[in-house]
Number of protein chains: 2
Amino acid sequence: MGVDTVDIASRVKALRKKNGWRLHDLSEKTGISVATLSKLENGKTKLNFTTVNKLAQGIGVAVTNLTSPGLAHTKDTTMTLGGGGVVFETRDVDYEVLCADYKGGNQGYAKLSVKARTLDPNLPWHRHPGKEFIYVLKGILVLHTEDREPITLKRGDSLLFDSSIGHHYISAGRGETQLLLSLSLQGYSNVIETLREN
Amino acid sequence: MGVDTVDIASRVKALRKKNGWRLHDLSEKTGISVATLSKLENGKTKLNFTTVNKLAQGIGVAVTNLTSPGLAHTKDTTMTLGGGGVVFETRDVDYEVLCADYKGGNQGYAKLSVKARTLDPNLPWHRHPGKEFIYVLKGILVLHTEDREPITLKRGDSLLFDSSIGHHYISAGRGETQLLLSLSLQGYSNVIETLREN
DNA sequence: TCGATTATTTTCGAAATCGAAAATTATAAG
DNA sequence: CTTATAATTTTCGATTTCGAAAATAATCGA
C-alpha cells in the first residue's frame, strides 16, 4: 500500500511540539508555507513528494521517521538457539541460517564456518544482489574480491560490501573461522535461495 | 535541495528497459496510469508522494533506489576494526555503530553493551520502525516486550523481531552482556538516527 | 476583563498532477 | 510499400496542492 501522508501528520506535530517550534519556525526550516504545514497537521492536505523531502530535510530526519510505517512488518518473533539453525554445506563454507522462519523479510542472517584455506583461481566468484555485512566471531578471515586487494579481518572486525562484487571467503588463522553474516536484498528475493545458489 | 522527481525519470526508464517492461506492464505493477508514467519518464510531470511510493513498491525497490541509485548501489566497501565504531551511549545501552560510513543502506549494524539490569516500569518502551535482529556475543540477555513474556537468550542465540513492538534489553548474567544488532528499515531512512531517538 | 501580540486555521486563486481518451510514432507482417 | 497492431506521447478536464492574505484562536500583561 502506498504510504499515506496522513501518517505523517501526527508525527510532524509531535516533533514540532517536542522541539518547541511554531509553524512559522518549521516553515523557515523547511521552506514550506505555514498554511500548508497547518493543513498537513490537520489532515486537510497531502504533501507533494518534493515537499515531503523538504520537510524531512528541514527537520533533519529521514523520511521514514515521518512516515514511520510499521506497515508490512509482521508482528512475529522468531528465535534460533545456538546451533539450532537451518544448516547447509557447500565446498568452501558451512552455513547455519538463523531465524530462517521469519516471514516477509528481505534479509537473512547466517552463521558461517569458513572451510576454504586457499583461493582456487578456477572457481567463479560469488556474486549476488544485495549487501553483505559480516562480523568475525572467531578466527581470521581473508576476503578476496575481484576488484581490490584481499582484506584481512580478525575477531571483532566487521565489514560491509556490495555482494554484486565478486568475492570469496578464505580462512587464514590456525583454528576455525566463524562469521556472522547479514545479507540484505532489495525487492522480494528469497535470501536463503540466494545463499544456496552461490 | 529537495529531491526532485526529475532524478527518478532516467532511473525508472533504465529499470523498465532492463526488465523489458512496457509502460503498460509498469502501469499494472504500480497502479499508476500509462499516461503518467510516460510523462514522468519524459520529465513532463513530477510525482505525488503517494505515487512515488506506489512506484517503488510496484517495482520492488526502495525509494532511495529511485532517487539516488548512486548511493543505493555504492560499490564501496567499508570496514570497522574491533572497537573502531561510532560510539554513543544511552542510560541503558552503549552502542558502537559498525560500518557507519556506508552510504545509502536501509539498515545498520551495531555492537551493543547492555547496562540495564532491571526493567524500569516507568520508562517508555523502545519502539521504532523496522526489524531487529540480535545475536548474543557474550553474557545473558533478557528481552522484555510489551506483548509477551520476557525471552532469555544466552551466547550464540539469535532472535528476530519487529521493532515496532515495545521492547527493552536487560542484562541478566554475572558479567557483561554484548549483542550484535542488525536493524533493517523499509524504504529509505537513516538507521543511526532511528537508534539515537529511542 | 481588556487589548495587544502571537500562533494557527481558513479562504481563495494560480499552478500542477492524474488518468481517460485521442493522436502520434514505432514495429511487424505480407 | 502498405496496412495492421502495438507502444508511447499528447490533449484535455476534473481534482488537488500550494502559498498569500484574511479570519480566527490562543497567550499574556496590566
Side-chain angles (χ1 to χ4, degrees), chain A residues 1-69, chain B residues 1-69 187-188:
Chain A
M1 297 300 129
V3 178
D4 227 49
T5 315
V6 175
D7 304 338
I8 300 181
S10 54
R11 176 77 178 134
V12 168
K13 186 158 193 173
L15 267 175
R16 185 170 67 83
K17 291 297 181 188
K18 180 179 146 199
N19 291 70
W21 298 330
R22 299 164 301 166
L23 288 177
H24 178 259
D25 298 321
L26 192 55
S27 173
E28 287 200 333
K29 285 178 185 295
T30 60
I32 303 168
S33 79
V34 169
T36 301
L37 290 173
S38 168
K39 277 177 281 194
L40 163 67
E41 288 190 357
N42 294 297
K44 304 203 169 162
T45 189
K46 292 177 179 179
L47 262 49
N48 220 327
F49 180 61
T50 57
T51 308
V52 169
N53 280 284
K54 279 200 269 181
L55 185 63
Q57 174 127 0
I59 295 178
V61 300
V63 178
T64 313
N65 268 326
L66 301 179
T67 56
S68 95
Chain B
M1 278 304 147
V3 178
D4 225 50
T5 313
V6 174
D7 304 340
I8 300 180
S10 55
R11 176 73 180 140
V12 168
K13 185 158 193 175
L15 268 175
R16 185 170 67 82
K17 290 298 181 188
K18 182 178 144 201
N19 292 71
W21 298 330
R22 297 164 302 165
L23 288 177
H24 178 260
D25 299 321
L26 192 54
S27 173
E28 287 199 335
K29 284 178 186 296
T30 59
I32 303 168
S33 79
V34 170
T36 301
L37 290 173
S38 168
K39 276 178 278 192
L40 163 67
E41 288 191 357
N42 295 297
K44 305 203 169 164
T45 190
K46 291 177 179 179
L47 260 47
N48 220 329
F49 181 60
T50 58
T51 307
V52 169
N53 280 284
K54 278 201 270 182
L55 184 63
Q57 173 118 6
I59 295 179
V61 300
V63 178
T64 318
N65 204 310
L66 301 179
T67 56
S68 39
Y188 45 119

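First the proteins, then the strands, lettered A, B, ... as listed; each starts at 1. Note that the coordinates shown come from a computational prediction; the quantities given were computed from them, not determined experimentally.
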*asked:* Quick check on DNA chain D: between K39(B) and K17(B), whose nearest nucleotide comes earlier from the 5' end?
replied: K17(B)
Expressed as a whole number of angstroms, how long is the span from [X]:[atom1] to [N]:[atom2]?
X: N42(A); N: dA7(C); atom1: CG; atom2: C1'; answer: 13 Å
X: N48(A); N: dT17(C); atom1: CG; atom2: C1'; answer: 9 Å
X: K44(B); N: dG19(C); atom1: NZ; atom2: P; answer: 18 Å

*pair L47(A)-T45(A): side-chain heavy atoms closer than 4.5 Å*: yes
_Please identify which of these residues, T50(A), T51(A), V52(A), N53(A), meets the side-chain contact (heavy atoms from CB on, under 4.5 Å) condition with F49(B)._
V52(A)
*asked:* Taking only side-chain N and O atoms of T51(B), does any of them lie within less than 4.0 angstrom of OP1 or OP2 on dT17(C)?
replied: no
*Would you say dG19(C) has OP1 or OP2 under 4.0 Å from some side-chain N or O of T36(B)?*
yes
*Axis deviation across the helix from dT1(C)-dA30(D) to dG30(C)-dC1(D), five-pair ends, to the nearest 10°*: 30°
*What's the spacing between N48(A) CG and K54(A) NZ if we round to 0.5 Å?*
8.0 Å
*Could you give the start and end, 5' to 3', of the contact zone on DNA chain D for chain B, using atoms under 4.0 Å from its heavy atoms?*
dA7(D) to dT11(D)
Show me the donor-acceptor pairs, under 3.5 Å and distance only, between side chains in residues 25-32 of chain B and residues at least two apart or in other chains.
{"unit_1": "D25(B)", "atom_1": "OD1", "unit_2": "R22(B)", "atom_2": "NH2", "d": "2.9"}
{"unit_1": "D25(B)", "atom_1": "OD2", "unit_2": "R22(B)", "atom_2": "N", "d": "2.8"}
{"unit_1": "D25(B)", "atom_1": "OD2", "unit_2": "R22(B)", "atom_2": "NE", "d": "3.2"}
{"unit_1": "S27(B)", "atom_1": "OG", "unit_2": "I32(B)", "atom_2": "O", "d": "2.6"}
{"unit_1": "T30(B)", "atom_1": "OG1", "unit_2": "L26(B)", "atom_2": "O", "d": "2.7"}
{"unit_1": "T30(B)", "atom_1": "OG1", "unit_2": "I32(B)", "atom_2": "N", "d": "3.2"}

*What is the nucleic acid contact for L37(B), judged by heavy atoms within less than 4.0 Å: base, sugar-phosphate only, or nothing?*
nothing
*asked:* Heavy atoms within less than 4.0 Å of DNA chain C: which residues of residues 21-29 of chain A have one? Give them sorted by number.
replied: R22(A), L23(A)
Using atom types as modelled, flag every donor-acceptor pair under 3.5 Å from a side chain in residues 12-19 of chain B to any protein atom, sequence neighbours excluded.
{"unit_1": "R16(B)", "atom_1": "NE", "unit_2": "E41(B)", "atom_2": "OE2", "d": "2.7"}
{"unit_1": "R16(B)", "atom_1": "NH1", "unit_2": "W21(B)", "atom_2": "O", "d": "3.1"}
{"unit_1": "R16(B)", "atom_1": "NH2", "unit_2": "E41(B)", "atom_2": "OE1", "d": "3.0"}

